[in-house]
Amino acid sequence: MKDSWRPTANFAALRRRAEMLTAAREFFAGQGVLEVETPILSAAAVTDPQIESLTTRVAGMAAPRFLCTSPEFAMKRLLAAGSGDIYQICKVFRDGERGRWHNPEFTLIEWYRLGFDDAALMSELEALAGRMLAPHRQLQPANA
């Protein structure tokens, strides 16, 4: 209990995470994809029945606010307004997902590419994952 204030992440993991985020940002910058940031609080909960939203109270507001489960809705509003290709790296929150491999708060990368079909998006995901994992892990092509 004496050291309960200490972070649970080790510094090597924190450095590796920072390298991966830098690699993701460099990847998207190289593709000409704009990084955006959308609100994390919303007046409405997610409509997906499989995802539970976390709520919070804001002083001066009668109704609760909901923590973002995904930036999808806000990013699609940007697309509809003419943003072009966009991506976001953000914290998201989901209730009811706590366990060995799940945490109610986690980092998500979401992106949208105009004119890309599913095959182009899969290829881009493969390239992004390869860039983020290098040089620590080499990926074999998915179609191999």
Side-chain angles (χ1 to χ4, degrees), residues 1-139 142:
M1 205 59 154
K2 179 180 162 185
D3 288 336
S4 63
W5 64 269
R6 292 191 176 279
T8 56
N10 67 55
F11 292 117
L14 292 174
R15 278 189 287 281
R16 182 65 190 121
R17 181 182 187 280
E19 290 169 2
M20 291 174 72
L21 291 173
T22 297
R25 286 188 167 98
E26 289 173 350
F27 175 85
F28 285 118
Q31 303 295 318
V33 181
L34 177 68
E35 183 173 8
V36 298
E37 183 175 83
T38 59
I40 220 163
L41 285 178
S42 176
V46 66
T47 58
D48 187 329
Q50 304 303 316
I51 299 175
E52 296 290 329
S53 296
L54 286 169
T55 61
T56 189
R57 297 300 231 165
V58 177
M61 295 182 158
R65 291 294 185 244
F66 300 87
L67 292 170
C68 181
T69 60
S70 165
E72 177 182 359
F73 180 72
M75 290 179 75
K76 286 182 176 177
R77 287 178 62 199
L78 290 172
L79 287 170
S83 68
D85 297 337
I86 55 175
Y87 81 98
Q88 183 170 189
I89 300 173
C90 61
K91 290 289 189 177
V92 295
F93 305 86
R94 296 183 182 179
D95 204 0
E97 297 198 23
R98 183 158 163 38
R100 181 173 181 203
W101 302 109
H102 296 278
N103 195 25
E105 173 187 348
F106 59 96
T107 302
L108 179 94
I109 300 176
E110 182 129 355
W111 74 96
Y112 294 92
R113 302 284 261 139
L114 301 179
F116 274 44
D117 63 11
D118 58 341
L121 284 172
M122 287 187 285
S123 292
E124 187 165 66
L125 174 58
E126 185 175 11
L128 172 63
R131 173 76 79 74
M132 290 176 69
L133 294 172
H136 302 283
R137 181 174 293 170
Q138 297 293 318
L139 294 180

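- Take Asp85 and apply the side chain to side chain donor-acceptor pair (under 3.5 Å) test, not counting sequence neighbours, and it matches Arg113.
- In this view, Arg17 and Thr107 satisfy the side chain to side chain donor-acceptor pair (under 3.5 Å) rule, not counting sequence neighbours.
- Listed by first then second residue, pairs satisfying ring-ring contact (aromatic ring centres under 6.0 Å, His included) with a partner in residues 32-57 number zero, not counting sequence neighbours.
- Take Arg15 and apply the salt bridge (charged side-chain N to carboxylate O under 4.0 Å, His left out) test, not counting sequence neighbours, and it matches no residue.
- To the nearest 0.5 Å, the span separating CH2 on Trp111 from CD1 on Ile89 amounts to 10.0 Å.
- In this structure Thr38 satisfies the side chain to side chain donor-acceptor pair (under 3.5 Å) test together with Gln88, sequence neighbours excluded.
- Listed by chain and number, the residues in a side chain to side chain contact (heavy atoms under 4.5 Å, CB included) with Ser123 amount to none (sequence neighbours excluded).
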Tabulate below the donor-acceptor pairs under 3.5 Å that side-chain atoms of residues 23-30 make, not counting sequence neighbours, or state none.
{"from": "Arg25", "atom 1": "NE", "to": "Glu35", "atom 2": "OE1", "distance (Å)": "3.2"}
{"from": "Arg25", "atom 1": "NE", "to": "Glu35", "atom 2": "OE2", "distance (Å)": "3.1"}
{"from": "Arg25", "atom 1": "NH2", "to": "Glu35", "atom 2": "OE2", "distance (Å)": "3.1"}

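- Formation of a donor-acceptor pair under 3.5 Å by the Asn103 side chain with backbone atoms of Phe106 is not found in this model.
- The shortest heavy-atom contact between Leu79 and Leu114 is CD2-CD2, 4.1 Å.
- Under the salt bridge (charged side-chain N to carboxylate O under 4.0 Å, His left out) criterion, Glu126 pairs with no residue at all, not counting sequence neighbours.
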Expected list for residues 57-75: side-chain donor-acceptor pairs under 3.5 angstrom, two or more places apart:
{"from": "Arg57", "atom 1": "NH1", "to": "Ala62", "atom 2": "O", "distance (Å)": "2.9"}
{"from": "Ser70", "atom 1": "OG", "to": "Glu72", "atom 2": "N", "distance (Å)": "3.1"}
{"from": "Ser70", "atom 1": "OG", "to": "Glu110", "atom 2": "OE1", "distance (Å)": "3.3"}
{"from": "Glu72", "atom 1": "OE2", "to": "Lys76", "atom 2": "NZ", "distance (Å)": "2.6"}

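- Residues passing the salt bridge (charged side-chain N to carboxylate O under 4.0 Å, His left out) test with Glu19 are Arg16, sequence neighbours excluded.
- Under a cut-off of 6.0 angstrom, the local environment of NE2 in His102 is sparse, with at most 12 non-hydrogen atoms contributed by other residues, nucleotides or ligands.
- Residue-environment remark: CD (Glu52) stays at or below the threshold of 12 foreign heavy atoms within 6.0 Å.
- Between the CG atom of Asp118 and the CG atom of Leu125 there is a distance of 12.5 Å, given to the nearest 0.5 Å.
- The distance from the CZ atom of Arg94 to the CG atom of Leu108 is 7.0 Å, given to the nearest 0.5 Å.
- When the side chain to side chain contact (heavy atoms under 4.5 Å, CB included) test is applied to Ala120, the partners found at least two apart in sequence or on another chain are Phe116, Asp117.
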